Number of protein chains: 2
Amino acid sequence: MSNRERRATISDVAKAAGVSTSTASVVFSGKVNVAEATRERVLAAASELGYTGPDPRAASLRRGRSGIVGVVLAGHLRHAFLDPVTTAMMDGLTDALADVSTGILLLRDDPFGGEAPPIAEAPMDAVVLIGCSDRIREAVEIVRRRGMPAVVIEGDGDDDLTEISLDNREASAMLARHLADLGHTRVASVALPLGPQRLRGLITPDRLDDATVGVTLDRLAGFRDVYPDAPVISTAGSLIDEGLAAGRTLLGDPETRPTAIVAQSDLLAVGVIRAAEEIGLRVPEDLSVVGFDGIAVDGLGSHELTTVVQPALEKGRAAGEQIARMLAGEPGESVHFTVQFRPGETTAPPARPFR
Amino acid sequence: MSNRERRATISDVAKAAGVSTSTASVVFSGKVNVAEATRERVLAAASELGYTGPDPRAASLRRGRSGIVGVVLAGHLRHAFLDPVTTAMMDGLTDALADVSTGILLLRDDPFGGEAPPIAEAPMDAVVLIGCSDRIREAVEIVRRRGMPAVVIEGDGDDDLTEISLDNREASAMLARHLADLGHTRVASVALPLGPQRLRGLITPDRLDDATVGVTLDRLAGFRDVYPDAPVISTAGSLIDEGLAAGRTLLGDPETRPTAIVAQSDLLAVGVIRAAEEIGLRVPEDLSVVGFDGIAVDGLGSHELTTVVQPALEKGRAAGEQIARMLAGEPGESVHFTVQFRPGETTAPPARPFR
DNA sequence: TTGTATGCGTTATCAT
DNA sequence: ATGATAACGCATACAA
């Protein structure tokens with residue numbers, strides 16, 4: 001009724017209730033027993049003064065904790081959240097963090113150095129770096145200097161930092177071998193982006209030199225372990241439309257057409273299948289297709305794709321758990337996950353040529 | 001090399017550099033001119049001591065600003081980010097907020113009241129409430145008492161709060177009228193969720209009493225303006241699979257089958273179309289379908305659906321702009337957006353019966 | 001169970 | 001251009 005100029009503070013409340021500030025403070029934190037009578041008196045005074053509880057900013061300073069965990073995503077948010085794998089990870093992350101954090105701070109991946117990158121000035125207690133590429137290096141450096149716990153999900157962990165990883169290479173090799181076992185020799189691959197520019201097109205050796213996205217490179221390496229010389233096309237992202245475009249390119253010429261395609265994500269695989277259907281190819285009779293992720297694509301049966309299932313939600317959860325550990329003073333531990341092969345109905349032996 | 005116990009503070013740096021703390025502070029904030037020589041001395045001392053800049057928590061307290069804007073999304077994150085409209089809004093929002101905020105704090109929509117809801121204790125400067133339903137009321141109340149600027153996107157704004165809205169009812173009526181003009185009389189609708197429980201099924205009058213989601217109700221009202229008695233099925237969310245399920249229900253019985261369906265979102269419309277295709281109905285010859293949103297669905301031509309286009313990105317941007325205004329001390333202004341009709345190829349006059 | 005005293009690390013104001 | 005000083009609002013160790 002009267003606080004037009006200054007918001008009430010806890011000491012105002014204490015004064016009005018006739019107790020000390022520490023008592024009032026304790027009423028709100030609930031960390032110490034308080035006589036019911038005083039408790040009520042304080043609460044009454046608080047509501048009288050329109051006091052809504054301790055100022056989080058002041059509490060942060062005093063406690064040395066803000067309750068906020070930052071998340072740095074590669075690329076624009078739009079892109080990040082279009083990917084079901086990322087979404088699932090975020091879910092696991094928020095789940096695991098629910099007890100130690102009031103929320104997730106989405107940090108933009110520092111556009112082009114506006115002096116102080118958000119990661120350097122956000123009031124957070126810890127940070128999760130997801131699928132970052134280039135800039136991860138400096139981000140990690142900043143975070144480390146700030147003495148902040150950090151976890152990297154599928155980054156390139158040369159360092160001794162806590163990391164959540166996946167057996168991308170082995171998994172990809174497994175998928176490639178599956179095709180090899182079926183007898184495929186003319187095989188191609190559709191890859192995720194190689195770098196932040198997200199260039200589309202055939203991957204040449206020199207393009208690999210500039211490549212920075214570890215996930216793409218690892219999956220590519222696994223593929224090349226089995227098919228060293230097969231053509232690979234990079235895309236601008238894990239999208240059905242991107243797979244469609246790449247598929248059209250690869251399947252366009254009947255002369256050079258592969259009998260099987262290894263897509264680096266399920267969404268890309270779906271796109272490739274659409275491209276095949278467009279030109280009348282049957283899957284798997286005329287073309288075998290494998291994916292990666294094992295996600296549930298909305299609007300797809302999703303039961304049929306031959307792929308590997310990665311524990312996306314668990315990855316996020318593991319990251320959250322490690323953050324929680326580190327926040328509790330224990331050392332973080334890297335966690336490595338493995339995928340599981342899920343046979344579907346999109347692969348078969350190649351059709352006999354000339355028949 | 002020696003800070004094993006206590007992190008260096010700005011006054012340590014100042015001492016080491018032989019200047020006052022205020023001078024050191026100013027070097028980092030850059031708000032006042034400092035002689036180049038001292039500047040360098042301070043920076044040198046800082047890097048010597050491993051000082052990485054002002055502690056954000058302390059700065060927040062002193063400034064009264066944390067640089068953080070909270071976003072409250074209805075339901076689980078997983079769900080929220082599956083929706084292209086939400087994603088687009090988030091994009092616009094982060095865009096508009098880039099200058100006044102270091103990041104977006106994703107607040108979980110307080111599951112079941114663990115004493116202190118995150119919205120009450122997060123150190124943020126302002127809050128955006130998106131598509132919230134029930135709980136928005138209390139959220140708004142808390143936020144208001146905290147004296148925090150708040151913007152509601154498509155909530156129900158009985159109050160005098162700043163709100164970003166859309167002409168849901170008019171737009172829906174427009175779509176319905178489009179079908180009416182084509183001659184359709186047997187029409188049904190597939191609706192978004194009515195409440196947080198997300199129950200599926202035919203909407204009956206009593207179910208409407210418990211309904212809390214304004215968007216759903218508004219679009220439904222617009223539809224009912226034209227077709228007061230038409231059957232409406234609610235879904236669990238804006239998903240292709242949900243539209244598919246609802247479509248199967250509505251189209252299952254040839255006797256009662258409608259000649260046109262109004263879906264409350266494009267994703268639902270896509271699902272309905274799939275359901276129609278499943279049972280051999282042609283769109284639009286046998287069934288007309290309209291959507292809502294005008295989004296680009298990955299993996300869909302997306303050129304053909306008859307729908308209304310809503311300015312999702314602009315909605316987010318407007319919210320961000322209002323937050324920025326309010327943070328600058330100006331009053332917030334509600335903004336109302338209108339959709340645009342986009343004719344596609346999924347509507348046509350109904351087929352003549354008995355022929 | 002309650003009160004006292006301190007300092008968390010900054011930044012803004014005002015002098016100099 | 002630089003410095004002294006006073007908050008910012010709270011939570012905790014400790015004493016009573």
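Each chain gets a letter, A, B and so on, in the order its sequence line appears, and its residues count up from 1. Since we're looking at a predicted model, the values are computed, not measured. Because only heavy atoms are used, hydrogens play no part in the values below, and waters and symmetry mates are left out as well, while side chains stay in.
Summarising the geometry, the separation between CZ on B/Arg63 and C1' on C/dA12 is reported as 11 Å, rounded to the nearest angstrom. Atom CD in A/Glu40 sits about 16 Å away from atom C1' in C/dT1, given to the nearest Å. Separating the CG atom of A/Leu61 from the P atom of D/dC8 is a distance of 14 Å, rounded to the nearest angstrom. Distance B/Asp55 CG to C/dT11 C1': 13 Å, rounded to the nearest Å. Per the geometry, CG belonging to B/Leu49 stands 15 Å off C1' belonging to C/dG9, to the nearest Å. Between B/Lys15 atom NZ and C/dG9 atom P there is a gap of 12 Å when expressed in whole angstrom units. In this entry the distance linking NZ of A/Lys31 with P of C/dT1 reads 18 Å, nearest Å.
When atom types are taken as modelled, the side chain of A/Glu163 and the backbone of A/Val152 share no donor-acceptor pair closer than 3.5 angstrom. At least one donor-acceptor pair under 3.5 Å links the side chain of B/Ser60 to the backbone N or O of B/Pro56. Side-chain N or O atoms of A/Arg41 include one that pairs as donor or acceptor with a backbone N or O of A/Ala17 at under 3.5 Å.
Scanning for side-chain hydrogen bond (donor to acceptor under 3.5 Å, both in side chains) contacts around A/Thr94 gives an empty result, with sequence neighbours left out. Looking at residues two or more places apart in sequence or on another chain, you find a side chain to side chain contact (heavy atoms under 4.5 Å, CB included) between A/Asp125 and A/Arg65, A/Ser66, A/Leu327, B/Arg57. By the side chain to side chain contact (heavy atoms under 4.5 Å, CB included) test, B/Leu61 is found to be paired with A/Ala58, A/Leu61, residues two or more places apart in sequence or in another chain being considered.
Interatomic distance, OG1 of B/Thr102 versus CG of B/Leu97, reported as 10.0 Å (0.5 Å rounding).
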Output a table of nitrogen or oxygen pairs between the protein and nucleotides 1-4 of chain D separated by less than 3.5 Å.
residue, atom, partner, partner atom, Å
D/dT2, OP1, B/Thr38, OG1, 3.2
D/dT2, OP2, B/Ala35, N, 2.7
D/dT2, OP2, B/Thr38, OG1, 3.0
D/dG3, OP2, B/Ser20, N, 2.9
D/dG3, OP2, B/Ser20, OG, 3.4
D/dG3, OP2, B/Thr23, OG1, 2.7
D/dG3, N7, B/Ser22, OG, 3.3
D/dA4, N7, B/Ser22, OG, 3.4
D/dA4, N6, B/Ser22, OG, 3.1

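At a cut-off of 3.5 angstrom, the base of C/dT11 holds at least one donor-acceptor pair with the side chain of B/Arg62.
Taking five base pairs at each end of the helix from C/dT1-D/dA16 to C/dT16-D/dA1, the local helix axes there meet at an angle of 20°, rounded to 10°.
Residue-level contact check: B/Tyr51 touches the backbone only, with heavy atoms under 4.0 Å from sugar-phosphate atoms and none from bases. Using a 4.0 Å heavy-atom distance criterion, A/Ile10 is classed as a sugar-phosphate-only contact.
A heavy-atom distance below 4.5 Å is not found between the side chains of A/Ile104 and B/Leu105.
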N/O donor-acceptor pairs under 3.5 Å from side chains in residues 25-36 of chain A, not counting sequence neighbours:
residue, atom, partner, partner atom, Å
A/Ser29, OG, A/Lys31, N, 3.4

